[in-house]
Amino acid sequence: MTPRVGGQEGDCGNFNSDPSDDRTGLAVSGNECLFHHLTPVRPSPDHDIEECKTQDPTKYHLALKTCHATDEDVEHEGSAKYGCVFDVCFAGPQYAAQDAAM
């Protein structure tokens, strides 16, 4: 982020290279807060490919095809093909192209 004309304040400082006048860590008063409703953070359940394979075989086989993978390719959680199949199963096929680019 670049400094704004006339100055600015925020958690990242004011870009004047003087850390003593940065407000990092200070709370924003209620009338200045832009977020009036907090969204609770809930942990998501852990997923694995076996869940996709057993609960939605059609999606699993589509993920294999989309990722050019076989059952053997996804036996090891650390493999790139495992990551691709996991992403397609739980996030959608649009992520296969991103996985292929890695």
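Predicted model only: the values in this text are computed from it and were never measured.
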**Prompt:** Which residue pairs pass the salt bridge (charged side-chain N to carboxylate O under 4.0 Å, His left out) test with at least one member in residues 55-68, sequence neighbours excluded?
**Reply:**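 Matches after skipping sequence neighbours: none remain.
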
**Request:** Please report the closest heavy-atom contact between Cys89 and Ala63, naming both atoms and the distance.
**Result:**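 Residues Cys89 and Ala63, closest heavy atoms: SG-CB, 3.9 Å.
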
**Request:** Determine, stepwise, if the pair Asp71 / Lys53 fulfils side chain to side chain contact (heavy atoms under 4.5 Å, CB included).
**Result:** CA-CA 10 Å; Asp71 282 323; Lys53 187 177 184 177; 3.8 Å; yes

**Asked** With a 4.5 Å heavy-atom cut-off, do Lys81 and His76 have their side chains touching?
**Response**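 A side-chain contact is absent here, since even the closest heavy-atom pair is not under 4.5 Å.
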
**Message:** Suppose we screen for side-chain contact (heavy atoms from CB on, under 4.5 Å). Which residues come up paired with Glu72, at least two apart in sequence or across chains?
**Reply:**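 Listed in chain order: Thr70, Glu75.
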
**Prompt:** Taking ILVMFWY side chains as joined if any heavy atoms are under 4.5 angstrom apart, and letting links pass through other members, which residues group with Phe86?
**Reply:**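 When side chains under 4.5 Å apart are linked, the cluster holding Phe86 also contains Ile49, Tyr60, Leu64, Val74, Tyr82, Val85, Phe90.
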
**Request:** Could you check Leu62, Asp73, Val88, Asp87 and say which one makes a side-chain contact (heavy atoms from CB on, under 4.5 Å) with Cys67?
**Result:**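 The option that passes is Val88.
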
**Prompt:** Counting only heavy atoms not in Glu77, do more than 12 fall under 6.0 Å of its CD?
**Reply:**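 No, not enclosed.
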
